[in-house]
Amino acid sequence: MMKKVLLRFFIAAILILSNESYSCTNFIITKGASVDGSVMISYTADSYEAYGELYHYPAAVYQNGAWLEIYEWDTGKYLGKIPQAAVTYNVIGNMNEHQVVIGETTFGGREELGVANGILDYGSMIYIALQRSKTAREAIKVMTDLVSEFGYYSSGESFSIGDANEAWILELIGKGEGNKGAVWVAVKIPDGNISAHANQSRITTFPLNDSENCLYAPDVISFAREKGYFSGKDSEFDFSAAYAPLDFGAIRFCDARVWSLFRRCNSRMEKYISYIKGESLERMPLSIKPDKKLSVHDVMGLMRDHYEGTELDMTKGVAAGPYHMPYRWRPLTWQYNGEEYFHERPISTPQTGFSFVSQARAHLPREVGGVLWFGVDDTYFTVYTPMYSSMSKTPYNYSKGVGSLSQFTWDSAFWVFNFVANFSYPRYSIVIDEVKKNQNEIEGKYFAQQENIESTALSLLKNSKGEAIEYLTNYSISSAEQTYKTWKQFGEHLILKYMDGLSKTEFFKPKNIGYSDEVKKMIVDESGESLKMKTIITDQTYAYNESIKKADELLAEKKYSEAKSFYEKALVVKPNENYPKEKIDKINSILSSIEELHKNTF
């Protein structure tokens, strides 16, 4: 009964999250949880309005009194201006030259707190903090100080903030109309652990007297009391429960992605399937220890996920189609006969604009240690390419302004990867092995080159910082060009090989693909009789003569029953003919005599 009550309660609130247009996933790996001592953060920027391009903010020095104009990251809307910093740092994508990296996922939270009360939106905060911070802690201070002074423009956000030594989750939500600023909590992920968030607030209770591992706004608890969100002891305060209460959408569409990452890293996390199904309210911990340490390659693989092998496996079911496509077209929730239903929301999704896996390494100079493994479009179909955070320019095919969501161009890596993915979706099980093979070959080549590339860069760095940065810039650009060209050629190969519902041999001879027996059974069960092949008689005389000929032969061999069958077939073609009727009468008489003789004898 309890399970049914919980499920009904959650279903009633399902639309809250399903209409959220920004649905991202972050995965955090601390130094002690990584194979090589890297701090890693992965981020998927998921929105049907997100265009995949690599941002670049060059380092700069500004005069006193300079201003920075703020434009909303999502829409480009002008929001206002703030004083510019005297010095800003080089930023490539979401990583700066000091190996500080920031990702985010929107959790929304209480609707009344989502009313803008200032000019700092979440996207602007990310890129301003990256330009002004040398450490993760400094980035947290920059972001929280900015919203305190200039107000907050967005809804609730979870930020992943890391550097070469530590990683944090900062959760922040505005105070609503008439209350400038935001309330927030930042928790450091224990070294050796991994964490994740995916559009639902993950910080619950937190230590109130441990500034080494937890930071928070002075009024984070008192404001909740004032608004009526909390009434217990301070030590019992739960940030998520107060500012972003759970509903079924928050669990199934959001925490399910966290669960899928956790379960693939720690076998004990499988038990939370009951929570994901809305049968339990036992939440997952904020962070866990993985069963084994993770590499960059491992993290890339973990970010490619459709719940394969679980109860939520999206390659299964009628909606997956004949070729097991693990995608469901929106809307996320839908109605039939007055009931509300939903599709699963996995990590790998078509609406990803860009994604990355960052690699920050304290044992290397910052010019070499920071790598943003960057990709565009769906994580399952992207190729992660190394972009060093010290590089001084971006590759043309990934640069901002090359194409857009309203302008297609083959020059854009985003459009090339979208072509391959969208061509592959309806042919998923047919082509996906080729996709993975090509991914592994390209990414594997970059991994194989990494040690030599960085060894050369370190040698150059001893004599000239500029030469080392130029070398890494050229390598990153060359790698991106290679990724772009190879994937474009791969797309050409796919349409050449799989056009018109066929496949082609190595000699370009067409061969049928067809359907599996499982699909054939579904077709037959649905409309088998109407699709069953039939014999159409086009020449009655010929058919009649052939049946008579065969019947006469069988009769001569005294095969009476078989002969009778062919005489009957002849009558179907020509029902008014006497010859087969006479033969059938005589055969019936013989068969009757045989039956009588049998009875008398035995």
Side-chain angles (χ1 to χ4, degrees), residues 26 38-45 50-60 73 85 87-104 123-136 138-139 142 159-164 296 299-300 353-361 364-376 382-402 412-414 443 446 449-450 453-454 457 461 465-484:
N26 281 200
S38 296
V39 173
M40 292 180 278
I41 291 176
S42 70
Y43 171 46
T44 64
Y51 185 73
E53 52 196 0
L54 183 63
Y55 306 132
H56 181 213
Y57 301 90
W73 185 45
V87 176
T88 61
Y89 308 124
N90 188 65
V91 177
I92 292 293
N94 287 51
M95 192 176 199
N96 76 11
E97 61 179 281
H98 295 284
Q99 305 189 72
V100 176
V101 61
I102 305 177
E104 59 76 33
S124 297
M125 287 169 59
I126 289 174
Y127 297 105
I128 293 171
L130 287 170
Q131 292 176 75
R132 300 183 179 191
S133 307
K134 291 184 177 181
T135 67
E138 191 173 344
V142 168
F159 298 95
S160 301
I161 305 176
D163 56 31
V296 173
V299 177
M300 292 176 182
F354 66 85
S355 63
F356 64 75
V357 176
S358 67
Q359 185 179 19
R361 295 165 290 177
L364 289 172
R366 61 183 176 83
E367 292 83 2
V368 181
V371 188
L372 193 76
W373 295 85
F374 186 79
V376 290
T382 199
V383 172
Y384 288 109
T385 303
M387 308 286 183
Y388 282 83
S389 61
S390 60
M391 60 194 288
S392 58
K393 58 183 178 180
T394 57
Y396 170 71
N397 304 108
Y398 290 80
S399 292
K400 189 174 181 179
V402 180
S412 164
F414 175 81
E443 292 171 350
Y446 298 144
Q449 294 172 344
Q450 189 173 9
I453 293 297
E454 291 174 356
L461 190 62
K465 176 180 174 180
E467 287 185 14
I469 290 175
E470 182 180 11
Y471 174 75
L472 291 173
T473 298
N474 290 337
Y475 173 70
S476 298
I477 289 175
S478 174
S479 298
E481 289 174 348
Q482 185 62 42
T483 298
Y484 162 79

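Just so it is clear, the values below take in all heavy atoms, side chains as well, and ignore hydrogens, waters and symmetry mates.
Contact annotation: the side chain of Tyr396 approaches that of Val402 to within less than 4.5 Å [non-hydrogen atoms, C-beta and beyond]. A heavy-atom distance below 4.5 Å is not found between the side chains of Asn94 and Ser358. The shortest distance between side-chain heavy atoms of Lys134 and Asn96 does not fall below 4.5 Å. Counting only heavy atoms from C-beta outward, the side chains of Leu372 and Ser389 never approach each other to under 4.5 Å. In this structure the side chain of Tyr388 reaches within 4.5 angstrom of the side chain of Glu454, judged on heavy atoms. In this structure, Phe354 and Glu53 have side chains that are not in contact, with every pair of non-hydrogen atoms separated by 4.5 Å or more. Contact check for Phe356 versus Met95: no side-chain heavy atoms found under the 4.5 Å cut-off.
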side-chain contact (heavy atoms from CB on, under 4.5 Å), that's the test. Do His98 and Glu138 meet it? Break it down for me. CA-CA 11 Å; His98 295 284; Glu138 191 173 344; over 6 Å; no
May I have the step-by-step check of side-chain contact (heavy atoms from CB on, under 4.5 Å) for Val296 and Tyr384, ending in yes or no? CA-CA 10 Å; Val296 173; Tyr384 288 109; over 6 Å; no
Thr483 and Tyr446: side-chain hydrogen bond (donor to acceptor under 3.5 Å, both in side chains), yes or no, with the steps? CA-CA 10 Å; Thr483 298; Tyr446 298 144; 2.7 Å; yes
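In this structure Ala136 satisfies the side chain to side chain contact (heavy atoms under 4.5 Å, CB included) test together with Ile161, Asp163, Trp168, sequence neighbours excluded. Taking Arg132 as the reference, nothing meets the salt bridge (Lys or Arg N to Asp or Glu O under 4.0 Å) condition, with sequence neighbours excluded. A search for side-chain hydrogen bond (donor to acceptor under 3.5 Å, both in side chains) contacts involving Asn26 returns Ser160, His197, not counting sequence neighbours. Looking at residues two or more places apart in sequence or on another chain, you find no side-chain hydrogen bond (donor to acceptor under 3.5 Å, both in side chains) involving Tyr57. Taking the side-chain hydrogen bond (donor to acceptor under 3.5 Å, both in side chains) definition, one finds that Thr44 meets it with Asp46, sequence neighbours left out.
For Tyr127 and Trp73, the ring centers sit closer than 6.0 Å to each other.
When atom types are taken as modelled, the side chain of Thr382 and the backbone of Val376 share a donor-acceptor pair closer than 3.5 angstrom.
Sorted by first and then second residue, the pairs that involve residues 89-103 and meet salt bridge (charged side-chain N to carboxylate O under 4.0 Å, His left out), not counting sequence neighbours, are Glu97-Arg366.
For the side-chain contact (heavy atoms from CB on, under 4.5 Å) criterion with Ser412, the lone passing option out of Tyr51, Tyr484, Tyr398 is Tyr51.
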